[in-house]
**Q** 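Shown below is the structure under consideration.
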Amino acid sequence: MPSPAGLNAAQLDAVHYLAGPCLVLAGAGSGKTRVIVHKIARLLDAGYAPGQIAAITFTNKAAQEMRERAKQLVGPRAAKHLVVSTFHSLGMRILRQDGARLGLKPQFSIFDSDDVLGLLKEAGASTDNALARRWQWRISGWKNQGLNSDQAEAVAANDDERVAVRVMKRYEEQLAAYQAVDFDDLIGLPHQLLQQDDEVRAKWQDTLRYLLVDEVQDTNAVQYELLKSLVDHPDERRRGLFTAVGDDDQSIYGWRGATIENLKRLPQEYPSLKVIALEQNYRSTGHILRAANGVIANNPKLFEKKLWSDLGDGEPVRVVECDGEEHEAERAVARIQALRGAGGSSIDFNDFAILYRANHQARMLEKALRKANLPYKVSGGQSFFDRAEIRDLCAWLRLLVNHDDDPAFLRAVSTPKRGIGTQTLASLGEFAGRWKTSLYEALFAESLVTAVPARAIGSLHEFGRYVNDLEYRACHTTGAEDAKALLTGWLKDIGYEQHLMDGEDSEKLAAARWGNVLDFVDWIAKRCGGEIENDGGMTVETEKKSVLDVAQTISVIISLAERGDDQNVVTLSTLHAAKGLEWSHVTLVGVNEGLLPFRSDDEDMTAERLQEERRLMYVGITRARSTLQVSTLRRRKKGRDTIQGVPSRFIAEMKLHEVTVKEDPREKLKALRAAAAERAAQAATVAIKT
DNA sequence: CATACATGAATTTTT
DNA sequence: TTCATGTATG
């Protein structure tokens with residue numbers, strides 16, 4: 001019985017319960033974003049100011065979507081002041097404002113994982129990428145448990161870990177010296193700050209009075225603690241004003257520190273916790289949902305919850321047995337062609353997704369799609385901001401924001417090459433190390449002449465002066481037009497276009513890179529504001545920002561890469577990257593023992609691991625709206641030999657009554673016809689990749 | 001001894 | 001696709 005707002009009974013309960021802590025168990029496709037957005041509206045009605053309501057998500061994309069939907073419901077005016085942000089950007093906000101209490105200047109840099117890798121190699125005096133990755137992984141794991149290097153030392157279990165602890169100690173020193181933080185610190189440091197500083201905690205508790213947390217099942221230990229320190233108000237009446245939304249059955253990030261313990265702790269630590277389950281699924285048909293329920297029923301339950309749908313039975317789930325990966329890819333493509341052919345090509349490419357466990361499985365699928373001339377995109381490919389040219393420019397911007405950001409300095413100073421070689425930089429680095437200053441600071445030291453030859457000093461000073469001047473201008477340039485002029489002037493000054501031409505042997509590739517650079521410039525200029533946003537009739541004037549302001553937020557914003565939602569193409573995605581998305585027609589490939597559930601040779605499969613794999617299967621199944629095809633391999637490659645493929649146990653768990661489809665000649669014929677029609681159509685759009 | 005090319009192998013990902 | 005390792009050649 002839908003309410004005027006179109007919410008069902010459970011959803012209404014969730015929206016209207018404001019009195020205390022609330023946990024919403026939102027099954028797949030049960031309309032949880034709707035609930036969050038309506039709850040925001042309800043909170044506004046109840047007298048909360050927009051700025052007192054914070055909605056926390058994991059990804060920028062989710063935050064953006066939530067803000068957008070909130071805007072539609074409560075209007076742009078209120079939506080503008082809502083705090084809708086990721087854990088990390090909230091952490092950044094807290095640190096920028098109050099990080100000084102931890103000895104952090106407001107302009108601190110944020111190191112991304114490549115910077116961190118470089119730093120760790122330095123800290124551990126190693127050039128081995130794989131080794132440094134393992135350190136990075138280990139150290140991040142500790143940090144996600146809330147451990148610093150001293151505490152990690154106590155738990156280090158073997159020699160490898162003890163080495164990692166040593167590297168971590170050195171790494172902590174480096175970060176402090178550079179006035180930099182890594183992504184984990186964006187959670188850990190705010191938490192530490194709120195713990196140790198009552199004044200700051202009181203201030204933030206007063207600012208953010210009601211918290212809505214999306215995907216709680218994905219929080220790690222430190223994120224949970226951060227939430228607690230915001231929500232545990234000393235005044236009993238204001239304690240625990242939050243709504244946590246999540247689904248224990250969709251917890252698939254245990255391997256990166258997310259812990260389902262957090263969901264168990266909630267009812268214990270907040271005895272008055274109101275638990276509401278959203279069980280009506282608005283996405284999938286009966287066959288699909290029953291298969292999903294069948295699989296997940298094999299996991300132990302944390303909370304009782306069973307999805308149902310009134311969309312009818314729909315099509316049965318198809319299980320397809322394939323000879324090998326190539327055959328499987330062909331059949332996945334044939335399925336798309338058959339459905340499109342059957343629907344008179346009225347079905348968009350957008351409605352199809354092929355999902356797999358591991359990235360490398362995309363290769364064969366891409367090949368088959370190209371051959372069939374179907375447009376596609378590979379989600380989870382490297383982002384716009386990972387490209388070398390964009391990272392070059394980001395390094396410059398970071399250096400402007402924080403002169404002590406040494407990795408940024410090193411990248412900027414040699415991009416493009418300006419007569420400052422490794423020899424000079426090594427001497428400068430040694431000098432800076434001796435005096436415990438940043439490279440940039442060292443550059444202006446009088447005694448530098450003792451360490452670096454005069455000729456090199458000239459180039460260094462020139463660079464330093466330029467950076468200084470550029471910073472000054474960036475700080476005083478606001479508005480899109482002026483920002484663009486400044487940025488293009490800068491690119492010209494440093495001769496970046498020429499640099500790209502020199503560095504690339506294919507002129508076409510260089511031009512493509514330059515195109516990215518120009519996109520990037522436009523993107524920054526746009527964010528410098530003065531922009532009129534159009535919101536369904538309403539126009540909102542956003543504040544103008546300086547180029548430096550925008551530069552400050554860059555490493556936390558990666559939304560440009562997500563463009564392409566509007567392209568009408570087939571999606572290829574890992575199961576992990578598919579979470580939260582949905583398509584009418586989904587094919588799950590490689591549903592074999594060893595692949596899904598994944599089993600590695602050197603680690604044995606614990607019950608927890610298997611359960612997470614099962615949840616992954618569950619996530620995959622529940623992505624589908626109307627049809628689902630699951631394919632298995634009769635033979636699959638392992639190392640250099642081919643082994644017999646064993647269908648995944650999850651297929652049996654779906655409890656399907658249908659017989660496995662071996663090969664359907666009619667489908668093949670339909671596919672052939674569709675393919676012929678398709679051939680006349682446009683060429684394949686290839687994924688955004690270099 | 002160093003560089004260049006070929007061959008083979010590959011969890012999952014965000015900030 | 002990318003990345004690392006190994007072999008062969010200069």
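If you're wondering where the values come from, they're calculated on a predicted model, not measured in any experiment. Letters A, B, ... are given to chains in the order of the sequence lines, protein chains preceding strands, and every chain is numbered from 1.
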**Q** When you compare the side chains of A:Tyr618 and A:Gln250, does any donor N or O come within less than 3.5 Å of an acceptor on the partner?
**A**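 The criterion, which ignores hydrogens and geometry beyond distance, is not satisfied for A:Gln250 and A:Tyr618.
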
**Q** Whether A:Asn359 contacts B:dT12 is assessed here as follows: a side-chain N or O lying under 4.0 Å from the phosphate OP1 or OP2. Is that the case?
**A**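 Yes, within the criterion.
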
**Q** Strictly distance-based, threshold 3.5 Å: is any side-chain N or O of A:Gln145 a donor or acceptor partner for the main-chain N or O of A:Trp142?
**A**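 Judged by distance alone, no pair lies under 3.5 Å.
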
**Q** C:dT1, B:dT13, B:dT15: which one has an atom nearest the side-chain heavy atoms of A:Arg363?
**A**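 Looking only at heavy atoms from C-beta outward on A:Arg363, the closest nucleotide is C:dT1.
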
**Q** Output the rounded distance in Å from NZ (A:Lys377) to C1' (C:dT1).
**A**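 Between C1' of C:dT1 and NZ of A:Lys377: 19 Å.
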
**Q** Using atom names, set out every protein N or O paired with an N or O of nucleotides 4-6 of chain C below 3.5 Å, distance rounded to 0.1 Å.
**A**
| from | atom 1 | to | atom 2 | distance (Å) |
| --- | --- | --- | --- | --- |
| C:dA4 | OP1 | A:Asn129 | ND2 | 3.4 |

**Q** Without swapping roles, check the side chain of A:Glu172 against the backbone of A:Ser149 for a donor-acceptor pair under 3.5 Å.
**A**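 Here the side-chain-to-backbone pair exists.
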
**Q** Between the base of B:dT12 and the side chain of A:Arg609, is there any donor-acceptor pair under 3.5 Å?
**A**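 Such a pair does not exist between side chain and base.
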
**Q** Round to the nearest Å and state the distance from A:Asn144 atom CG to B:dT14 atom C1'.
**A**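 After rounding, the gap between these two atoms is 11 Å.
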
**Q** Between B:dT15, B:dT13, B:dT11, which nucleotide has the shortest distance from any of its atoms to the side chain of A:Thr86?
**A**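 When the side chain of A:Thr86 is considered, B:dT15 is the closest of B:dT15, B:dT13, B:dT11.
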
**Q** Determine: side-chain N/O of A:Thr574 to OP1/OP2 of B:dT13, distance under 4.0 Å, yes or no.
**A**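 Yes.
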
**Q** Side chain of A:His360: nearest nucleotide among B:dA10, B:dT15, B:dT13?
**A**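 Per side-chain heavy atoms of A:His360, the pick is B:dA10.
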
**Q** Please identify each residue that fulfils salt bridge (charged side-chain N to carboxylate O under 4.0 Å, His left out) with A:Glu328, with sequence neighbours left out.
**A**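 None.
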
**Q** Nearest of B:dT15, B:dT13, B:dT11 to any side-chain atom of A:Ser113?
**A**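 When the side chain of A:Ser113 is considered, B:dT15 is the closest of B:dT15, B:dT13, B:dT11.
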
**Q** May A:Phe58 be described as stacking on the base of B:dT14, applying a 5.5 Å centroid limit and a 30° limit on plane angle?
**A**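 No.
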
**Q** What is the distance, to the nearest angstrom, from the CG atom on A:Leu131 to the P atom on C:dC3?
**A**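 To the nearest whole Å, that distance equals 17 Å.
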
**Q** For A:His576 together with A:Tyr253, are the ring centres under 6.0 Å from each other?
**A**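 A:Tyr253 vs A:His576: aromatic centres under 6.0 Å.
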
**Q** Rounded to whole Å, how long is the line connecting atom NZ of A:Lys579 with atom P of B:dT13?
**A**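 After rounding, the gap between these two atoms is 12 Å.
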
**Q** Could I get the full list of salt bridge (charged side-chain N to carboxylate O under 4.0 Å, His left out) partners for A:Glu593, not counting sequence neighbours?
**A**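 Expected list: A:Arg599, A:Arg649.
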
**Q** Provide, to the nearest angstrom, the distance between the CG atom belonging to A:Asn220 and the P atom belonging to B:dT12.
**A**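 Value for this atom pair: 21 Å.
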
**Q** Would you mind reading off the distance between A:Asp184 atom CG and B:dT15 atom P, rounded to a whole angstrom?
**A**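 Rounded to whole Å, this separation is 14 Å.
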
**Q** Nearest to the A:Ala577 side chain among B:dT13, B:dT12, B:dT15, which nucleotide is it?
**A**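 Between B:dT13, B:dT12, B:dT15, the one nearest the side chain of A:Ala577 would be B:dT13.
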
**Q** Have a look at A:Phe598 and say if it touches a base, only the backbone sugar-phosphate, or nothing, with a 4.0 Å heavy-atom cut-off.
**A**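 Base contact.
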
**Q** Main chain of A:Leu581, side chain of A:Arg623: is a donor-acceptor contact present, judged purely on distance under 3.5 Å?
**A**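 Yes, A:Arg623 side chain to A:Leu581 backbone: donor-acceptor pair under 3.5 Å.
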
**Q** Check A:Glu325 with A:Arg363, please: is the shortest side-chain N to carboxylate O separation under 4.0 Å?
**A**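 Judged by the 4.0 Å cut-off on N to carboxylate O distance, A:Arg363 and A:Glu325 do not form a salt bridge.
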
**Q** Just how far, in rounded Å, is P of B:dT12 from CH2 of A:Trp137?
**A**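 The distance from CH2 of A:Trp137 to P of B:dT12 comes to 11 Å, rounded to the nearest Å.
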
**Q** Using whole Å, report how far CZ of A:Arg599 lies from C1' of B:dT12.
**A**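 It is 17 Å, rounded to the nearest whole Å.
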
